[in-house]
There are 2 protein chains.
Amino acid sequence: MYAPERQQEILRLARDGGRVDVLSLAEEFQVTAETIRRDLKALDRAGLVRRVHGGAIPAGRLDFEPDLAERESTAADEKDRIAKAALAELPAEGTVILDAGTTVARLAGALPLEASLTVVTHSLPIAARLADHPGIQLHLVGGRVRHRTRAAVDAWALRAYGEIRADVLFVAANGFSAEHGLTTPDLAEAAVKRAAVAAARRVVLLADSAKHGEEHFARFGGLGDVDLLITDSALSAADAAAIEGGGTEVVRA
Amino acid sequence: MYAPERQQEILRLARDGGRVDVLSLAEEFQVTAETIRRDLKALDRAGLVRRVHGGAIPAGRLDFEPDLAERESTAADEKDRIAKAALAELPAEGTVILDAGTTVARLAGALPLEASLTVVTHSLPIAARLADHPGIQLHLVGGRVRHRTRAAVDAWALRAYGEIRADVLFVAANGFSAEHGLTTPDLAEAAVKRAAVAAARRVVLLADSAKHGEEHFARFGGLGDVDLLITDSALSAADAAAIEGGGTEVVRA
DNA sequence: CCCGTTCGTGCCCGATTGTGCCCGAACCTG
DNA sequence: CAGGTTCGGGCACAATCGGGCACGAACGGG
């Protein structure tokens with residue numbers, strides 16, 4: 001039996017039973033658990049199942065995002081501190097744009113209940129989190145929704161950002177550096193980020209220090225577009241000074 | 001049972017019952033209270049429940065009037081049957097628009113995992129539910145988000161629906177009757193519904209029989225705009241016949 | 001026909017995760 | 001304010017994970 005056949009069958013079993021587990025599958029297909037793990041990883045990357053400890057669940061069954069709750073726990077502390085520090089950059093009143101991303105989602109969750117703001121976002125999880133916040137006027141930016149990031153992209157999103165002007169944008173990036181600027185793996189998302197940057201008077205980049213020096217496929221701006229970078233204390237003082245030399249203020253939370 | 005499964009189930013219990021408590025959950029799932037606390041913490045971090053001493057309550061239900069919640073749960077069976085019946089109206093492939101509303105949300109949750117569709121919606125909960133469905137290309141309609149319904153309205157939404165053409169629209173209404181047509185309490189939502197109706201080749205109305213004869217502030221169309229009404233068996237045969245006389249097919253699930 | 005490359009798989013081992021237990025602190029209730 | 005309940009952080013243990021390495025089969029160019 002070939003690997004793709006096996007994966008197809010695993011997917012069928014997962015959908016039929018609502019769940020599969022590594023050891024039973026290994027027994028069933030007469031292969032080792034490692035191979036099953038590789039299969040599940042492949043299916044997970046394809047977005048067809050959701051990997052869990054010990055097995056997998058077919059995608060679409062869960063209506064919450066485990067990664068938002070726990071998978072980010074590796075850098076959760078840094079992200080929390082960054083989000084906390086970002087609160088200080090919120091205007092007392094006015095309009096802010098929230099980009100997609102777990103750190104920005106933390107910020108959204110940390111918004112004080114008495115905050116009174118207009119928030120614009122193209123991120124589905126962030127919108128869901130803010131929808132019942134009493135003081136927030138929420139504007140959702142539409143578009144095609146990418147499965148992986150749950151963020152809206154493409155024409156509708158670009159046009160919406162082209163029509164507005166916000167006081168502050170909180171933006172995330174998968175990689176940032178003085179040389180290569182701000183990068184992210186997906187072109188469509190990069191385009192939306194670029195449009196959001198253009199729509200904001202002030203740009204605040206939220207990125208933990210692990211992103212520094214990283215470089216991904218799509219570039220959506222340079223550090224010169226960023227007024228303030230909020231990162232964690234693991235960014236070296238030298239790197240911070242280099243960035244500040246370019247005119248970007250740096251906060252190490 | 002995997003942790004995410006348990007958390008999903010806890011979330012369901014919380015939404016159904018309006019509340020959950022740590023000890024009962026520990027008993028129910030045969031784990032210790034610590035584990036339940038961790039689950040609740042994860043759900044709390046994801047913004048899906050709100051943690052309280054001794055348990056948790058589902059997020060977003062805080063401002064719900066109890067009688068509204070109760071009415072919702074009493075009609076749950078009907079809504080489920082209606083949603084099930086609506087599945088038969090899905091095209092094998094093509095584009096469908098999903099309006100906001102609890103019955104339509106149930107339809108969204110009941111979409112088979114192997115479905116392959118393009119879905120357009122302006123409802124935040126429905127979008128969240130479909131965002132990681134592997135076979136669905138999801139397009140989100142943006143706009144101002146109303147707190148109460150978590151649906152996007154106003155200019156962006158109207159323009160988006162003005163630009164598309166879908167095979168089927170599944171629409172909800174707070175009231176429907178041959179005389180007064182389709183009504184809902186909010187003008188802005190009515191405008192969006194009207195735009196959605198105009199964007200679809202076929203209009204399917206999902207409404208339990210309690211909505212029949214009800215009349216609300218904003219009217220967004222007549223029964224003549226509806227090709228098919230799916231309701232429950234409590235709608236009298238006479239009423240059904242009257243509606244069918246107007247050219248609208250009626251299914252009593 | 002040969003041989004280097006690639007891919008799938010199995011094995012090993014340190015790292016991670018989920019869960020339970022414990023205890024001081026915080027919290028409700030009366 | 002007192003007493004019991006619940007919380008949350010720390011620790012431990014077992015299961016699982018994932019990266020690295022090796023082996024063998026299939027493939028393809030010379």
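Letters A, B, ... mirror the listed sequences (proteins, then strands); counts begin at 1.
Taking A:F176 as the reference, A:H212 meet the ring-ring contact (aromatic ring centres under 6.0 Å, His included) condition, with sequence neighbours excluded.
Taking 4.0 Å as the cut-off between side-chain N and carboxylate O, B:D80 and B:R106 count as a salt-bridged pair. For B:R81 and B:D77, the salt-bridge test fails: no basic side-chain N is under 4.0 Å from an acidic carboxylate O. A salt bridge links A:D208 with A:K211; the closest basic N to acidic carboxylate O contact falls under 4.0 Å.
For the ring-ring contact (aromatic ring centres under 6.0 Å, His included) condition, the pairs that include at least one residue of residues 88-124 of chain A, sequence neighbours left out, are A:H122-A:Y161. A salt bridge (Lys or Arg N to Asp or Glu O under 4.0 Å) check over residues 28-39 of chain A, counting only residues at least two apart or in different chains, returns the pairs A:R6-A:D39. Within the structure, salt bridge (Lys or Arg N to Asp or Glu O under 4.0 Å) pairs that include any residue of residues 180-197 of chain A comprise A:D99-A:K193, A:R146-A:D186, A:R146-A:E189 (at least two apart or interchain).
An OP1 or OP2 oxygen of D:dT6 is reached within less than 4.0 angstrom by no side-chain nitrogen or oxygen of B:R51. Residue A:R6 has a polar side-chain atom (N or O) positioned under 4.0 Å from OP1 or OP2 of C:dT9.
B:M1 has its CE atom 15 Å from the P atom of C:dG18, to the nearest Å. Rounded to an integer number of Å, the gap from B:Q7 CD to C:dT17 P is 14 Å.
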Nucleotides 24-30 of chain C: protein proximity per nucleotide (B base, S sugar-phosphate only, - neither; heavy atom, under 4.0 Å): ---SS--

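Using modelled atom types and a 3.5 Å distance limit, the side chains of A:T95 and A:D167 yield no donor-acceptor pair.
A heavy atom closer than 4.0 Å to some atom of DNA chain D occurs in A:V22, A:L23, A:R37, A:K41, these being the qualifying members of residues 15-42 of chain A.
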